[in-house]
Amino acid sequence: MSSSPAIEIKDRLRAIVQESFGISLEDFAVETPPKTELGDLAFPLAFDLAKRIKAATGEKKNPREIAVRLSEELKALPGISRVEVAGAGYLNVFFDRAQVFTNLLSEVSRPAVINQQLGKLIVEHTSINPNKAAHIGHVRNAVLGDTTIRILRAMGETVEVHNYIDNTGVQVADVVVGFIHIEKKSLDEIRKLAEGGGKFDYYCWDLYAQVGAWYEEDKARLEIRSRTLHEIEEGGNATAQIGEYISSRIVDCHLDTMSRLDIGYDLLARESEILHLHFWTHAFEKLKASGAIVLETEGRNKGCWVMRAEETEENAAQKETEHDADKIIVRSNGTVTYTGKDIAYHLWKLGKLGLDFHYRNLRRDHRGHEVWVTTADVKLAIDPHPDFGNGTAFLNVIDVGQSYPQANVKRGVMIIDHDERVARSAHLAYEKVTLTPAAAVELGVELSESDAQRQQIGMSGRKGLGVKADDLIDRLEENALKEVQSRHQELTVDEQRLIAHQIAIAALRYFLLKFTRTSIIAFDFNEALSFEGETGPYIQYSAVRANNIFRKLGRRPKS
RNA sequence: GCGCCCGUAGCUCAGUUGGAUAGAGCGUUUGGCUACGAACCAAAAGGUCGCACGUUCGAGUCGUGCCGGGCGCACCA
């Protein structure tokens with residue numbers, strides 16, 4: 001058997017059906033019978049065939065008869081010990097288990113094929129605002145992205161991993177405001193603080209929450225925010241320097257946190273470069289030339305360049321009424337919205353922009369892999385560098401709340417160049433991680449009466465409410481270390497720590513993946529810290545035991 | 001108002017293109033470490049798959065309409 005027994009049998013069945021009934025099948029169902037006595041695989045195919053034969057010829061066929069005929073043809077296939085027809089027409093297959101197992105074993109130990117069917121995929125994940133420590137919700141993003149990448153690579157695909165750094169956004173501006181206007185610190189003082197050994201990302205976490213409260217006290221202070229943001233966007237001034245320094249240090253912290261989880265990146269693409277290297281100017285021309293955006297000369301959006309909502313029959317009638325889904329790309333004051341900047345970035349990702357970043361090395365990560373970062377400064381640029389961008393599709397791991405802007409980004413890119421590479425690009429959406437009231441209390445949060453009644457409480461960076469990633473990993477490692485020490489006193493402390501670390505990250509990664517992407521995870525400490533039952537450590541335990549069995553057999557599968 | 005997501009055992013969740021008696025973990029109860037590692041295993045109890053109608057030989061799964069919870073629909077990102 002070549003690939004998997006199920007696929008082999010399916011192929012054979014497809015051929016039999018074509019030959020015997022003249023019907024060409026697409027994919028069809030395989031299932032596991034409810035009891036092992038009924039077989040290893042079951043095909044409810046005969047029901048479907050009966051229906052199709054009746055539709056085509058009007059002839060009524062008994063599903064059971066069809067199943068019997070299929071079973072006789074199928075018996076000869078190697079790896080099958082027998083085939084039975086059960087119930088009203090199920091086709092149940094029994095494996096020659098020894099042979100199937102042996103084949104599977106050699107299959108598993110074979111190296112991954114080089115597939116490359118999809119060209120170079122660009123997967124963007126993590127993309128945390130560089131103004132405070134990463135929390136558990138950010139880790140859900142990173143783990144989902146990293147695992148997707150591992151699966152694609154295991155399938156032989158080529159993947160380039162991006163982490164988008166929004167270093168010129170409002171969130172960075174807020175922390176800059178905190179340092180300058182609340183703490184009255186100079187760049188040197190901030191530098192001293194960041195390099196002083198404490199956790200700078202934790203410091204900013206608290207400061208960011210303070211800034212939120214500070215604005216609340218006096219709304220007039222919001223003027224300071226927009227002025228600060230403007231200076232950061234423009235660059236080349238003292239405020240921008242502070243912003244640059246803070247966001248870079250926080251990115252370091254994020255990379256350290258992600259390294260603990262064995263997550264790495266190829267390229268950090270920074271928003272400041274998208275601005276300063278005029279990516280937008282080029283994208284703007286393309287958007288205009290393709291007719292993707294139009295300048296409104298009247299109405300509410302007068303003076304803006306907008307991407308018109310897709311006209312469907314349903315909304316055509318509503319077009320004139322109050323709700324209008326047109327997306328503004330350029331504001332009437334001439335500045336670009338985030339959607340516009342993201343369209344420019346995505347055109348670059350697919351090699352459709354006609355411009356490139358400059359690049360420099362940032363660091364080697366925990367695996368010794370070189371991480372690159374974009375730069376606008378030619379003097380800092382390192383050449384040669386890997387060929388970034390020019391992907392054949394992009395996959396963006398971004399929370400589901402951004403489905404609407406993400407859809408607009410894809411649509412904008414699609415209008416400029418309508419090809420299948422864009423069509424198969426996608427927003428990999430996931431839901432957020434919230435806190436159970438119990439978890440919030442454990443974090444020392446005082447709950448209002450209405451909050452205590454709720455099933456879940458949203459994390460809020462602005463309020464400083466959330467489970468920091470490093471704290472959680474620390475707790476997991478401590479718990480795991482206790483367990484390891486109680487079982488393996490013969491190991492050195494370093495060995496114990498290494499094992500505890502591996503167990504801890506398995507627990508966390510598995511915990512974040514075991515839920516459907518689109519379901520909200522209400523974070524519970526007990527559940528997340530558990531090593532028993534349906535957990536990562538249980539899978540590790542199973543793998544270790546299986547390996548020990550192979551070792552005792554005198555051979556082991558390559559992992 | 002429009003759109004999206006969620007609703008399945010006491011709790012947290014699986015359930016692939018519609019298929020046989022709706023599953024797992026946690027928790028509860030019972031039993032098991034001189035056998036392949038007890039971070040485990042064996043077993044018991046536990047269900048109006050939110051509600052209703054429809055399509056189908058067959059619906060947790062598809063359609064329509066409701067109910068409950070959450071989130072989008074900015075000249076924010």
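Proteins come first, then strands; the chains are lettered A, B, ... in the order of their sequence lines, and each starts at number 1.
Distance, A:Phe531 CZ to B:A39 C1': 9 Å, rounded to whole Å. In this structure, CD of A:Glu431 is placed 8 Å from C1' of B:C6, rounded to the nearest angstrom. Atom CD of A:Glu532 is separated from atom C1' of B:C26 by 10 Å (rounded to the nearest Å).
With sequence neighbours excluded, no residue forms a side-chain contact (heavy atoms from CB on, under 4.5 Å) with A:Thr297. Remark: A:Arg509 pairs with A:Asp146 by the salt bridge (Lys or Arg N to Asp or Glu O under 4.0 Å) rule, at least two apart or across chains. Applying the salt bridge (Lys or Arg N to Asp or Glu O under 4.0 Å) test to A:Lys341 and every residue at least two apart in sequence or in another chain returns A:Glu271.
When the P atom is used for both B:A22 and B:U61, the distance is 14 Å, rounded to whole Å. Straight-line distance between the P atoms of B:U55 and B:U12: roughly 36 Å, to the nearest whole Å. Separation of the P atoms belonging to B:C13 and B:G50 is 15 Å when rounded to the nearest angstrom. Taking atom C1' in both B:C26 and B:A39, one finds a spacing of 15 Å when rounded to whole Å. Comparing the C1' positions of B:G60 and B:C6 gives an interatomic distance of 14 Å, to the nearest angstrom.
Using a 4.0 Å heavy-atom cutoff across all strands shown, A:Pro405 reaches at least one base atom of the nucleic acid. Residue-level contact check: A:Lys302 touches the bases, meaning some heavy atom is under 4.0 Å from a base atom. Contacts of A:Val544 with the nucleic acid, taken as non-hydrogen atoms under 4.0 Å apart, include base atoms. Here A:Asn548 lies in heavy-atom contact (under 4.0 Å) with a base. Using a 4.0 Å heavy-atom criterion, one finds that A:Ser542 contacts no nucleic acid atom at all. In this structure, A:Val484 reaches the bases: a heavy-atom distance under 4.0 Å links it to at least one base atom across the strands shown.
Taking the ring centre of A:Tyr345 as origin, the terminal cationic atom of A:Lys349 falls inside the region bounded by 6.0 Å and 45° from the ring axis. Under the 6.0 Å distance and 45° angle rule, A:Arg475 counts as a cation-pi partner of A:Phe525.
Phosphate contact (OP1/OP2 of B:A38, side-chain N/O of A:Arg545, threshold under 4.0 Å): present. Between A:Ser332 and B:C75 there is no side-chain polar atom (N or O) within less than 4.0 angstrom of OP1 or OP2. Proximity of A:Arg300 to the phosphate of B:C75: no side-chain N or O atom is located under 4.0 Å from OP1 or OP2.
Looking at A:Asn396, its side chain never comes within 3.5 Å of a backbone N or O of A:Ile398 through a donor-acceptor pair.
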Please output the side-chain donor-acceptor pairs of residues 511-523 of chain A that fall under 3.5 Å, not counting sequence neighbours, one pair per line with the distance.
from: A:Lys514; atom 1: NZ; to: A:Glu534; atom 2: O; distance (Å): 3.3
from: A:Arg517; atom 1: NH1; to: A:Ala429; atom 2: O; distance (Å): 2.9

Intra- and inter-strand pairs of RNA chain B in dot-bracket (Watson-Crick or G-U wobble, both distances under 3.5 Å; | for another strand): (((((((..((((.....[...)))).(((((.......))))).....(((((..]....))))))))))))....

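A side-chain donor-acceptor contact under 3.5 Å links A:Tyr215 and A:Asp174. When only modelled atom types and interatomic distance are considered, A:Arg545 and A:Asn548 share no side-chain donor-acceptor pair under 3.5 Å.
B:C36 adopts a syn glycosidic conformation, its chi angle falling within 90° of 0.
Shown are A:His501, A:Gln502, A:Arg497; of these, the side chain to side chain donor-acceptor pair (under 3.5 Å) with A:Glu477 is made only by A:His501.
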Protein-to-nucleotide contact annotation, 5' to 3' order, nucleotides 13-20 of chain B [B base; S sugar-phosphate only; - none; under 4.0 Å, heavy atom]: SS--B-BB

